[in-house]
Amino acid sequence: MVAEAYRLSIMILFGCGLLVFVSLMFLTAPYGRHGRPGWGLSLREKRGWQIMESPAVIVIAACLLVGWDRGLFPSLVSAMFLLFWEIHYVYRTVIFTSLMREGQKQFPILLVLFALIFNVLNGFVNGYHLFLDHA
């Protein structure tokens, strides 16, 4: 069941990656200095970043905990990858957003949702491979 979710997640990530690659040749993502109206409801930029990046911190750690619950203990290499992953995403979620100037920039909720889905899938795919695949 979990292995099937892993395979499906991989296919979704590759499919969406191709779609995004092609579409960004014709569109400019509407956030930051390229922000513009017409993309629906939006959040303050800082809040949007926090929401969309937080699953990356949580999902991979949840895979580690599920693995522990099944008696699977990470190798030193897997633990190092987790450490680097968490440093990177805690920085993006907490430190980077706390250093952002509070301005009037908005972040479209649609893009927050897309990034949130990507970070859930990305965290799961990496967490599965590091902590659950050797079950």
Side-chain angles (χ1 to χ4, degrees):
M1 171 93 170
V2 178
E4 188 59 37
Y6 171 75
R7 284 188 285 279
L8 179 61
S9 296
I10 291 283
M11 289 189 293
I12 291 170
L13 283 172
F14 278 111
C16 288
L18 182 61
L19 181 67
V20 168
F21 176 75
V22 171
S23 61
L24 287 180
M25 290 182 175
F26 304 100
L27 295 170
T28 301
Y31 66 91
R33 69 177 148 168
H34 302 289
R36 60 190 179 279
W39 283 81
L41 298 174
S42 60
L43 298 168
R44 292 240 164 156
E45 186 177 38
K46 195 181 253 195
R47 180 65 60 208
W49 272 96
Q50 291 168 336
I51 291 170
M52 72 184 195
E53 295 294 341
S54 59
V57 175
I58 297 164
V59 172
I60 198 166
C63 289
L64 171 67
L65 295 175
V66 168
W68 266 341
D69 191 47
R70 294 181 179 178
L72 303 171
F73 301 102
S75 68
L76 179 60
V77 172
S78 294
M80 291 303 296
F81 277 120
L82 176 65
L83 176 67
F84 294 142
W85 177 282
E86 291 294 346
I87 288 170
H88 173 74
Y89 279 105
V90 166
Y91 175 83
R92 287 176 64 96
T93 305
V94 179
I95 299 168
F96 172 73
T97 57
S98 67
L99 296 174
M100 287 176 125
R101 284 181 269 162
E102 192 66 50
Q104 298 303 316
K105 291 184 181 174
Q106 297 289 305
F107 208 110
I109 290 177
L110 182 63
L111 294 185
V112 172
L113 180 63
F114 288 161
L116 189 127
I117 292 167
F118 169 79
N119 280 318
V120 167
L121 292 173
N122 193 35
F124 171 70
V125 163
N126 284 282
Y128 178 88
H129 183 74
L130 290 172
F131 309 117
L132 301 171
D133 192 27
H134 51 282

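Only a predicted model underlies this, so the values are computations on that prediction, with no experimental measurement involved.
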Problem set entry | side-chain hydrogen bond (donor to acceptor under 3.5 Å, both in side chains) against S54, all qualifying residues, sequence neighbours excluded | none
Problem set entry | I87 reachable from M80 in the ILVMFWY side-chain graph, under 4.5 Å edges | yes
Exercise. Tell me the salt bridge (charged side-chain N to carboxylate O under 4.0 Å, His left out) pairs involving residues 119-132, sequence neighbours left out?
Worked result: none
Exercise. Could you give all pairs that pass the salt bridge (charged side-chain N to carboxylate O under 4.0 Å, His left out) test and reach residues 104-119, with sequence neighbours left out?
Worked result: none
Exercise. Which heavy-atom pair separates P74 from S78 by the least distance, and what is that distance?
Worked result: CB-CB, 4.1 Å
Exercise. Looking at CZ of F81 and CG of N126, how far apart are the two atoms once the value is rounded to the nearest 0.5 Å?
Worked result: 9.5 Å
Exercise. Between M11 and L8, does a side-chain contact (heavy atoms from CB on, under 4.5 Å) hold up when you go through it step by step?
Worked result: CA-CA 5 Å; M11 289 189 293; L8 179 61; 4.2 Å; yes
Problem set entry | All ring-ring contact (aromatic ring centres under 6.0 Å, His included) counterparts of F118, not counting sequence neighbours | none
For this session: Please list, chain by chain and in numerical order, all residues satisfying ring-ring contact (aromatic ring centres under 6.0 Å, His included) with F114, sequence neighbours excluded.
Result: none
Problem set entry | Value rounded to 0.5 Å, distance of CD1 in I10 from CG in N122 | 9.0 Å
Problem set entry | Distance in Å, M100 CE paired with Q50 CD, rounded so as to fall on 0.5 Å steps | 9.0 Å
For this session: Quick one: list whatever passes ring-ring contact (aromatic ring centres under 6.0 Å, His included) with Y6, sequence neighbours left out.
Result: Y128
Give the table of side-chain donor-acceptor pairs shorter than 3.5 Å for residues 58-65, with sequence neighbours excluded, one pair per line with atom names and distance.
none

Exercise. Short question: side chain of W85, backbone of A56 - any donor-acceptor pair under 3.5 Å?
Worked result: yes
Problem set entry | Under the salt bridge (charged side-chain N to carboxylate O under 4.0 Å, His left out) test, residues paired with R47 that sit two or more places apart | none
For this session: Could you list the residues that satisfy salt bridge (charged side-chain N to carboxylate O under 4.0 Å, His left out) with E53, not counting sequence neighbours?
Result: R92
Problem set entry | Parallel, tilted or perpendicular: ring planes of W49 versus F96, cut at 30 and 60 degrees | perpendicular
For this session: Write down the atom of V112, the atom of G48, and the distance for their closest heavy-atom approach.
Result: CG2-CA, 3.8 Å
Problem set entry | Residue pairs, two or more places apart or on separate chains, that pass salt bridge (charged side-chain N to carboxylate O under 4.0 Å, His left out) and touch residues 75-86 | none
Exercise. Applying the 4.5 Å side-chain criterion to the ILVMFWY set and letting contacts propagate, would L27 and M25 be lumped into a single cluster?
Worked result: no
For residues 12-22, which side-chain N or O atoms pair as donor and acceptor with protein atoms under 3.5 Å away, sequence neighbours left out?
none

For this session: Quick one: list whatever passes side-chain hydrogen bond (donor to acceptor under 3.5 Å, both in side chains) with S42, sequence neighbours left out.
Result: Q106
Exercise. How many angstroms lie between atom NZ of K46 and atom CD1 of I51, to the nearest 0.5 angstrom?
Worked result: 13.5 Å
Problem set entry | L83, CG: over 12 other non-hydrogen atoms inside 6.0 angstrom | yes
Problem set entry | A115 to M52 - nearest heavy-atom pair and separation | CB-SD, 3.5 Å
For this session: For residues V2 and R70, report the shortest heavy-atom separation together with the two atoms involved.
Result: CG2-NH2, 3.8 Å
For this session: Indicate, with yes or no, if L41 and F107 share a hydrophobic cluster defined by side-chain heavy-atom contacts under 4.5 Å among Ile, Leu, Val, Met, Phe, Trp and Tyr.
Result: yes
